[in-house]
Number of protein chains: 2
Amino acid sequence: MTKIPDRTIERLITYRRLLQKQAVEGVISIYSHDLATLAHVKPVQVRRDLMEIGFSGSPSKGYGVQGLLDYISGILDMPGGTKAALVGAGNLGRALLSYFNGRSSTINVVAAFDVDTNIIGRVIAGCRCYDIQELGARAKEFGITIGIVTVPATQAQSAADALVEAGVTGILNFAPVPLRIRPDVYIVQVDITRALEKVAHFAKPQSAKEV
Amino acid sequence: MTKIPDRTIERLITYRRLLQKQAVEGVISIYSHDLATLAHVKPVQVRRDLMEIGFSGSPSKGYGVQGLLDYISGILDMPGGTKAALVGAGNLGRALLSYFNGRSSTINVVAAFDVDTNIIGRVIAGCRCYDIQELGARAKEFGITIGIVTVPATQAQSAADALVEAGVTGILNFAPVPLRIRPDVYIVQVDITRALEKVAHFAKPQSAKEV
DNA sequence: TACTGGCTGTGAAATGGTTAACAACGTTAT
DNA sequence: ATAACGTTGTTAACCATTTCACAGCCAGTA
Ligand SMILES: NC(=O)c1ccc[n+]([C@@H]2O[C@H](COP(=O)([O-])OP(=O)(O)OC[C@H]3O[C@@H](n4cnc5c(N)ncnc54)[C@H](O)[C@@H]3O)[C@@H](O)[C@H]2O)c1
Ligand SMILES: NC(=O)c1ccc[n+]([C@@H]2O[C@H](COP(=O)([O-])OP(=O)(O)OC[C@H]3O[C@@H](n4cnc5c(N)ncnc54)[C@H](O)[C@@H]3O)[C@@H](O)[C@H]2O)c1
């Protein structure tokens, strides 16, 4: 199988979430048409994405919901689940911990790390907070493979370095700085401030008008 | 000026942030080469982006840092600043309020809205929390033009509808549901769970290997 | 002055992603 | 039995964006 494009993976994640809802509502099968409406894309995009991953439907019944769910999960998920570490249990970090703690998922945030002695030792949403010094040891102990960076911008690079040192192969970074990291470590940047500024720009009246 | 592409706007926001740092460090002028390194893009991409917005540098000195900063801000920012409302002052909403409150910016979150009577009336990070019923009135009072949605997924559509009703022209949505909204309202979706799942997928060993 | 080097600005090509168009195929209705 | 319909799977065209390649320019230097 050749590599699945980035954008396709993003849509597959969306499809899965929508299909899970459909499944609990008892829907057995679904047309590209319907899934597309839910996901806000065109039907042909859905069909192409499913073609990309090699999943087939029937012209009469569409795609089997449960089968497609399992198939997508087989592509997206690590068998046995994924263990994540969160670095920086501040305002945002704690919000993320309580959020990810809630949902059942194959991804689990199993440990948090900080430098603040007031925070170290606390248990936030069922997740213990360790001294950042222990990252290497705990990562090995828990089998952590991905890291979440929610430290101040000035600390983000060193936090990312520590995570890579500890053996993670993917990083989710909330600090508004581009991280310089080995190319075999996959990075996703979530830049909330940039997203807000983007909304502000395109919400400007003049961005719509004109030749 | 024809419309500036979405991706270019995103990079301009990044450039501006990096240039601000350079400016305070006393850098007067910068080459596409250097800005590209900071932003993790190629030099030609920087030059093309600046060409797109009509900003010129000199082959000998590069681009003037302060001039470029002002020029980019003139494109990105609403003259007079942008006022935002946050709907849903829960875990994430409060983290965002305290974060955006901190930085000085042309974008200000001037009011929060919730349904929880324990939250209504509180002041979070200098921002008062009102009953969601008051949204229309307060939006007019404060001149709010963009909205931030941090309510539970089930409430996201109605929160967005209320914001549109109140006259906002852009929405930043953190709920993991695609919003169905008038096409003249600009939406940016920040899907944190999807970002995490994406990291988990691409961090899988087998996503790198193979023909 | 004439030459060299390194940079900007930009047409043109390449890349990556989306959409149109349609053949193939079950299902249903006649 | 077969014609009509609606859907999937897929090729090819299309579009947006990135990248290449190079002309033009300025500053410094012999
Ligand atoms: N809070 C938000 O809503 C928000 C929005 C956009 C971006 N961000 C970004 O997310 C990051 C965190 O924001 P926040 O509001 O949670 O900040 P915060 O100050 O509340 O939390 C940061 C935490 O990181 C810890 N820390 C500092 N250095 C560390 C290190 N080297 N190793 C481990 N832990 C360390 C601190 O002790 C603190 O607990 C920042 O980079 C910020 O720019 C936050
Ligand atoms: N917390 C996170 O880290 C995180 C991560 C990813 C996504 N999200 C998404 O962000 C959203 C908020 O998450 P959270 O953790 O802050 O949830 P939360 O439950 O802590 O906060 C939600 C807030 O919205 C308020 N609310 C509910 N209905 C409302 C309505 N109709 N109008 C106004 N306010 C209303 C509630 O009273 C509550 O204060 C959710 O959609 C969630 O899926 C959160």
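Order of the sequence lines sets the chain letters (A, B, ...), proteins ahead of strands, with each chain counted from 1.
Looking at residues two or more places apart in sequence or on another chain, you find a side chain to side chain contact (heavy atoms under 4.5 Å, CB included) between A:Asp6 and A:Glu10, A:Tyr186, B:Lys198, B:Phe202. In this structure B:Arg138 satisfies the side chain to side chain donor-acceptor pair (under 3.5 Å) test together with B:Glu134, B:Glu141, sequence neighbours excluded. Residues passing the ring-ring contact (aromatic ring centres under 6.0 Å, His included) test with A:Phe55, sequence neighbours excluded: A:Tyr71. Shown here are the ring-ring contact (aromatic ring centres under 6.0 Å, His included) partners of A:Tyr130, two or more places apart in sequence or in another chain: A:Phe113.
Distance CD1 (B:Ile4) to P (D:dA16): 16 Å, rounded to an integer number of Å. Atom CG of A:Asp49 and atom C1' of C:dT19 are 13 Å apart (whole Å). As a whole-Å value, the separation of A:Glu52 CD from D:dG9 C1' is 13 Å. Nucleotide C:dT19 holds its P atom 14 Å from the NE2 atom of A:His40, rounded to whole Å. As rounded to whole Å, 16 Å separates atom P of C:dG5 from atom OH of B:Tyr31. Between the NE2 atom of B:His33 and the C1' atom of C:dT8 there is a distance of 14 Å, rounded to whole Å. Atom P of nucleotide D:dT17 and atom CG of A:Asp6 are separated by 16 Å, given to the nearest angstrom. Remark: C1' of C:dG9 and CD1 of B:Ile53 are 14 Å apart, rounded to the nearest angstrom.
Here B:Pro5 lies in heavy-atom contact (under 4.0 Å) with sugar-phosphate atoms only. Counting any heavy atom pair closer than 4.0 Å across all strands shown, B:Ser32 reaches sugar-phosphate atoms only and no base atom.
In this structure, A:Ser56 does not reach the D:dT8 phosphate: none of its side-chain N or O atoms is under 4.0 Å from OP1 or OP2. The side chain of B:Gln45 places an N or O atom within less than 4.0 Å of a non-bridging phosphate oxygen (OP1 or OP2) of D:dT19.
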Q) Which nucleotides of nucleotides 20-30 of chain C have their base under 4.0 Å from a protein heavy atom (B), which only their sugar-phosphate (S), and which neither (-), written as one string 5' to 3'? A) BB----SS---

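Nearest-nucleotide positions on DNA chain C place B:Tyr63 closer to the 5' end than the other of A:Thr8 and B:Tyr63.
Residues B:Arg180 and B:Asp161 are not paired through a salt bridge, judged by the lack of any N-O separation under 4.0 Å between the basic side chain and the carboxylate.
Paired with B:Glu197 under the rule side chain to side chain contact (heavy atoms under 4.5 Å, CB included), one option of A:Leu172, A:Ile107, A:Thr82, A:Leu12 passes, and it is A:Ile107.
The distance from atom CG of A:Leu92 to atom OG1 of A:Thr150, rounded to the nearest 0.5 Å, is 5.5 Å.
Side chains of B:Asn91 and A:Tyr99: no donor on one and acceptor on the other come within 3.5 Å.
In this structure, the helix from C:dT1-D:dA30 to C:dT30-D:dA1 shows an angle of 20° between the axis at its start and the axis at its end, each fitted on 5 base pairs and rounded to 10°.
The shortest side-chain heavy-atom distance between B:Val151 and B:Val149 falls under the 4.5 Å cut-off.
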